[in-house]
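Quick note: numbers below take in every heavy atom, side chains included, and nothing from hydrogens, waters or symmetry partners. Predicted model, so just to flag it, every value in this text is computed and none were measured.
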There are 2 protein chains.
Amino acid sequence: MANTEKVALSIGEVSARTGLTTPTLRFYEQEGLLPPVRRNAAGRRVFTEGDVAWLEVCAKLRSSGMPLPEIRRYADLVREGAGNEAERFEILRRHEERVQQQVTDLQEALSVIHAKVEIYARHLVAGTADELWRNGPECDRVPDWSADSAQLGEA
Amino acid sequence: MANTEKVALSIGEVSARTGLTTPTLRFYEQEGLLPPVRRNAAGRRVFTEGDVAWLEVCAKLRSSGMPLPEIRRYADLVREGAGNEAERFEILRRHEERVQQQVTDLQEALSVIHAKVEIYARHLVAGTADELWRNGPECDRVPDWSADSAQLGEA
DNA sequence: ATTTGACTTCAAGTCGACTTGAACTCCTAG
DNA sequence: CTAGGAGTTCAAGTCGACTTGAAGTCAAAT
């Protein structure tokens, strides 16, 4: 109803606004993330503000790792209209959980990495004359085998 | 020197302990993340505790998205020994930054997703009789074209 | 003595999400 | 009137990181 739906956008403009490339936009349409997009007389795609808004949602879902088939399913449900909210909720909730887990895992990795960064940073300001550094940081040594002759039980 | 380096582990045991599959372990060796692993008389790989520790570092770097070539470079530097700490630092610091950015992005996506989850949750407890729900959540509507005839400037 | 299970190598296949290429159509500007 | 730029389709290619398959070796258990 609002004038906003009357604004006609070319694929290039949508690309500029969403950050998705034009091939990606066509690909998303083909994959059913978007319903078949309107065409003008010349057969070119005509997008609306509503499309852009929806594409931004899709982009967020994708960038947080939701697989295309799952986004397609969600899009289908939304398009179907009222009555399937439980499944939509389920999809989003599951994804939220996964992303939360992902954040947690990354933060754990981050703390390991940060610890190493700190160690190197301290070493570098201390300079090469650092006495506690003879063989590099305790934390981090690619094993090499010069002084080891253990065998695996000959099995 | 410690006894810990004398413990001999089979590829299966290392797999169990690191969570990396045996093909992945061979692949990592081949890719130079690990120096060529010792073999016993039968030609089988013999890993040490030190290998496991290093593999755990690699696994953290990988799971946080560091590409194999970069991990290989880092491994090479560590193996090379003292004198290249500045580059090691650089690699880790850059990666830390990327991961930090990734976390930030995920958290932003998370807030969008969580908002939607909340909307659906509220709708579902309110039940179908919800009056403000005629056409689904404002936030989230796959545009369909039934009532729109805007054209792209015939270009 | 043979079967089992864990290991070996090497090559080839898989996966998802795009990206790229080739060939074509339009419209506008010079 | 032709050159450019943006669009179109369809098919094929790319990427990284593994995974899988085929074929073989070896040592212990039945």
Under 4.0 Å between a side-chain N/O of Thr24(B) and OP1 or OP2 of dT19(D), yes or no? yes
Within the 4.0 Å heavy-atom criterion, would you say Thr21(B) contacts the bases, only the backbone, or no part of the nucleic acid? sugar-phosphate
dG7(D) P sits how many Å from Arg38(A) CZ, rounded? 19 Å
Distance check needed: dA17(D) P versus Met66(B) CE, whole Å only. 11 Å
What is the distance, to the nearest angstrom, from the CZ atom on Arg72(B) to the C1' atom on dC18(D)? 14 Å
How close or far is atom C1' of dT20(D) from atom CG of Leu25(B), stated in whole angstroms? 16 Å
To the nearest Å, give me how far apart CD (Glu70(B)) and P (dC15(D)) are. 18 Å
From C-beta outward on Phe27(A), which listed nucleotide comes closest to its side chain: dC18(C), dG7(D), dT9(D)? dC18(C)
Looking only at side-chain N and O atoms, does Arg45(A) come under 4.0 Å of OP1 or OP2 in dT8(D)? yes
Hey, what's the ring geometry for Tyr120(A) with Tyr74(B), parallel, tilted or perpendicular (30° and 60° as the breaks)? perpendicular
What is the distance from CG of Asn40(A) to C1' of dA6(D), rounded to the nearest Å? 12 Å
Whole angstrom is fine here: how far is it from CD in Gln30(A) over to P in dG16(C)? 16 Å
Look at the side-chain N and O atoms of Tyr28(A) and state whether any lies under 4.0 Å from the OP1 or OP2 oxygen of dC18(C). yes
Taking the side chain of Pro23(A) as heavy atoms from C-beta outward, which of dG7(D), dA17(C), dT20(C) is closest to it? dT20(C)
Quick check: any donor-acceptor pair below 3.5 Å linking the side-chain of Arg44(B) to the base of dA6(C)? yes
So do Ile11(A) and Arg44(A) actually touch side chain to side chain, heavy atoms under 4.5 Å? no
Is the backbone N or O of Val37(A) less than 3.5 Å from a side-chain atom of Glu29(A), with the two atoms forming a donor-acceptor pair by type? yes
Look at the side-chain N and O atoms of Ser10(B) and state whether any lies under 4.0 Å from the OP1 or OP2 oxygen of dC7(C). yes
Counting the atoms with a prime plus P, OP1 and OP2 as sugar-phosphate, which does Arg26(B) contact under 4.0 Å by heavy atoms, base, sugar-phosphate, or nothing? base
Go nucleotide by nucleotide along DNA chain D from the 5' end; which of Arg62(B) and Gly12(A) gets its closest nucleotide reached first? Gly12(A)
Of the listed nucleotides dT20(D), dC18(C), dC7(C), the one nearest the side chain of Leu68(A): dC18(C)
Is there a side-chain contact between Arg45(A) and Val14(A) in this structure, where contact means two heavy atoms from C-beta onward sitting under 4.5 Å apart? no
Would you say Arg39(A) reaches dT9(D)'s phosphate, i.e. side-chain N/O to OP1/OP2 under 4.0 Å? yes
Roughly, in whole Å, what's the span from CG in Leu33(A) to C1' in dC18(C)? 13 Å
Should Leu9(B) and Val7(B) count as side-chain neighbours, where that means a heavy-atom distance under 4.5 Å? yes
